[in-house]
Amino acid sequence: MEAVYEKYFRDNLPHIWCPGCGNGIVMSALARALDKLGYPQDDILLVSGIGCSSRMSGYMDLNTVHTAHGRALAFATGAKVCEPRLKTFVVMGDGDAAAIGGNHFIHACRRNIDMTAIVINNSIYGMTGGQFSPLTPTGKRATTAPYGSIDRAFNLVDLAKGAGATYVARGDVFHAAQLTNLLVEASRHKGFAVVEAVATCPISFGRYNNIPEPADMLFWLRDNTVTVQQAAKMSDEELTDKIIIGKHFETEAVEYCEEMARLLADKQADNEKAGDENEV
Amino acid sequence: MTEIKNKHVQLMQGNEACALGAIKAGASFFGGYPITPSTEIAEYIAREFPKLGRYFMQMEDEIASIGAMIGASMVGHKAFTATSGPGFSLMQELIGYAAVAEIPLVIIDVMRFGPSTGLPTMPQSGDIMQARWGTHGDHSIIALSPSSVQEAYYTTIRAFNLAEQYRTPVVVLLDEKIGHLREGFDISQDLEPEIINRADFVDKAATSAGGGKYLPFANTPSGVPPFVPLGQGERYHFTGLTHNQAGFYTADAEQVATFMHRLCHKIEDHVNEIAEVEQLDCAGADCVIIAYGAVARSAQEAMVELQSQGYKVGLLRLKTIWPFPAEQIREICADKKLVVMPEMNMGQLAVEAKAALIGSGVPFHSITQVNGRLIAPAPIMQAVIEQMAEHSVKQGGGR
Amino acid sequence: MGKKFEVVLNAKTCKGCGICTALCPKGVLKIRPDGKAEVAEPAACIGCQSCSLHCPDFCFEIKEVSADD
């Protein structure tokens, strides 16, 4: 087994994901990113929600928390605010982050708290057998959209940017090496970084949408992704159904934990000056 | 100008006393959301925590609030929140998570008239069963109920101590009447309260640093595994799935059963240590009034008035709601001629008290009032007198 | 002569998804009758890491071997 895997994986493999599942590809991309980042494993906190991708926390040899459906960002926020030293990664599925977790997602973006949110978007609820999610493209089929979803889907990149995230990127599991680099860039960014990792679910999404073979799904990604730079030169019409990958947005803004530290430092100083030690 | 005799007494609100208790207990994270009648607690903490270098956060909703609290507690911080019925309802799923992941945290539930929006500024002890069974699945939980502003301070400290000691969520069921009440508060003569921390129970040798293998969910004799927070050198795993002693998912029937029994018995086997009651004149009384929270104050006044009319009445005040002090109630009330239990709900806790007295033959009368008002002493007195007559209990007569 | 690579395949955890074989640009890999992958033409490997990058079950390790051994 590759050294980077042996270092970052616990000894409870093989994992539960189906043959050809994109979650495994994201997990190996994340391990390679951690290796490049070089953080001590004791200082990394990996928080996940509920769903196929969220089982990832159980397999990685870090400080890991497998929370409740949609609530990973809330758990991570409380931990990060109290222990800013922890390099925090939050792994969620598309439904986990954008459906039940949507309120926590937009508020975590708004706060710009320093962590990396990895939304693994396979456009399906895999664990529960293949229902559509808020990121499932209109017209795609699922067990709860047998005639093709009539829902309009979120563009998670626009949603994250609109809610205030200060780094937003989209990668995919065909361009696995790029995905690793985006994760490294996202983690090094100070503030709330969102990486949407477009992934593949052969057994549900693939089967219900005529691309059951894992490799074919990857080739579909190869043929339907364009980089941010390419997209800039393409018309909207040419961009229909295209997935735009790469870094979409980055800016600087006050980081939540640093602002909290400033507040506490000021108030503690006032407190000492005033000498009104508040202990009763 | 009259000279203030006792310079230490303050006029304090119940909510404020809870906030002070949390500070004293060493709470260092508050994650909350505004909701009447609890908001004064958040406001107080928002002012005081920064001065103490502690973390106050107002979250986007109550689910995020308890999520953040659990995250904070997991990495070593005493965490708490303040809410009321509607918020408490939203928190239930994660209270279950905190129970199964054995996360110490404190929830101050300032109970208001419900259900739903109800009467936000008016009292009802309506969340009694919700505190015990609000979340799905078997588990155990601790809930305390103070009857005065000063007691709210000490109850909050005790809540944190029990949370740390038993690795469990603890609910402070505070009636709105106490939460918003202002009365004298003077702890200057009191002993310094004991503050318990999770680290007190960690045997260094059982950690990796000590050469051992740390098991975050070990089946220890006390039923409470030692808790080394995440990020302090032990890289382990938390999950809401049933898990083995190392914290990883298991569906193995035997391990699941062992885990479930430990989870419940770690509290249910220590009822006598956890559940506190206060007795006033119960020995030799014909009738005992069982009451808790704000109603206990009216019950006490009714008791004193009844005694002045020659009735031999005592008061049994429940300071702990869960785990329910059934044995203590049976011991104290089994030989009585009558037990009455006034509650600002439709008899939510009377169910448990009646069960505790099954087979004792003691007549049990539940007094209920659900009009958004605190039960006054008069209806309690009237019920006692009527029930005493009905059960032909002569005034002061022998059996 | 270009670099030479050793293709280490841990077939034990292979779930036979076929991704590695389909993505390998040099036909180094083949699917066995039981559906699992196997290394058929190790010499053809150019070290592009496509298999190890895309294997969802972490079965591959591609090691550059110095020309002389």
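Convention: sequence-line order gives letters A, B, ...; per-chain numbering from 1.
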Exercise for the section: Find the one option among A:K267, A:H107, A:H104 whose heavy-atom pairs under 4.5 Å with chain B are most numerous. Expected result: A:H104

Practice task
Identify which part of B:Y249 has an atom lying under 4.5 Å from any heavy atom of chain A, answering side chain, backbone, both or neither.
Solution key: side chain

Practice task
Go through the atoms of B:E93 and report whether side chain, backbone, both or neither lie under 4.5 Å from a heavy atom of chain A.
Solution key: side chain

Completion exercise
In short, B:D190 meets B:D186 closest at the heavy-atom pair OD2-O, 4.2 Å

Exercise for the section: Establish, from distance only, whether the side-chain atoms of A:Y5 and A:R32 form a donor-acceptor pair under 3.5 Å. Expected result: yes

Fill in the blank from the handout: Here the pair of heavy atoms bringing B:F217 nearest to B:V100 is CE2-O, 4.5 Å

Exercise for the section: Indicate the atoms forming the closest heavy-atom contact of B:I41 with B:C18, along with that distance. Expected result: CD1-CB, 4.2 Å

Handout entry: Top of B:G240, B:S188, B:G231 for chain A proximity - count of heavy-atom pairs under 4.5 angstrom
Key = B:G231

Exercise for the section: Find the one option among A:L264, A:I106, A:D266 whose heavy-atom pairs under 4.5 Å with chain B are most numerous. Expected result: A:L264

Fill in the blank from the handout: Closest heavy-atom pair, B:Y214 versus B:Y236, reported as atoms and distance to 0.1 Å, is CE2-CE2, 3.6 Å

Handout entry: B:H77, part contacting chain A, at a heavy-atom distance under 4.5 Å
Key = side chain

Problem - A:D11, CG atom: more than 12 neighbouring heavy atoms under 6.0 Å - result: no

Problem - Partner of A:T166 by side-chain hydrogen bond (donor to acceptor under 3.5 Å, both in side chains), out of A:K190, A:H189, A:K161, A:E252 - result: A:H189

Handout entry: Proximal component of B:L241, with respect to chain A [non-hydrogen, under 4.5 Å]
Key = side chain

Fill in the blank from the handout: Answer key: most heavy-atom pairs under 4.5 Å with chain B among A:D61, A:T67, A:L46, A:L263 is A:D61

Fill in the blank from the handout: Honestly, the part of A:N103 sitting under 4.5 Å from a heavy atom of chain B is both

Handout entry: B:F30/B:F49 aromatic ring centres below 6.0 Å
Key = no

Exercise for the section: Among the options B:I70, B:I66, B:I63, pick out the one with the most heavy-atom pairs lying under 4.5 Å from chain A. Expected result: B:I63

Practice task
Test side-chain hydrogen bond (donor to acceptor under 3.5 Å, both in side chains) on A:H66 and A:S57 and set out the steps.
Solution key: CA-CA 6 Å; A:H66 184 210; A:S57 55; 5.1 Å; no

Exercise for the section: Name the region of A:N12, side chain, backbone, both or neither, that has any atom closer than 4.5 Å to a heavy atom of chain B. Expected result: side chain

Exercise for the section: Examine whether an atom of B:M74 lies under 4.5 Å from a heavy atom of chain A, and if so say whether it belongs to the side chain, the backbone or both; otherwise answer neither. Expected result: side chain

Handout entry: Option in A:C82, A:G78, A:A269 with maximal non-hydrogen atom pairs under 4.5 Å from chain B
Key = A:C82

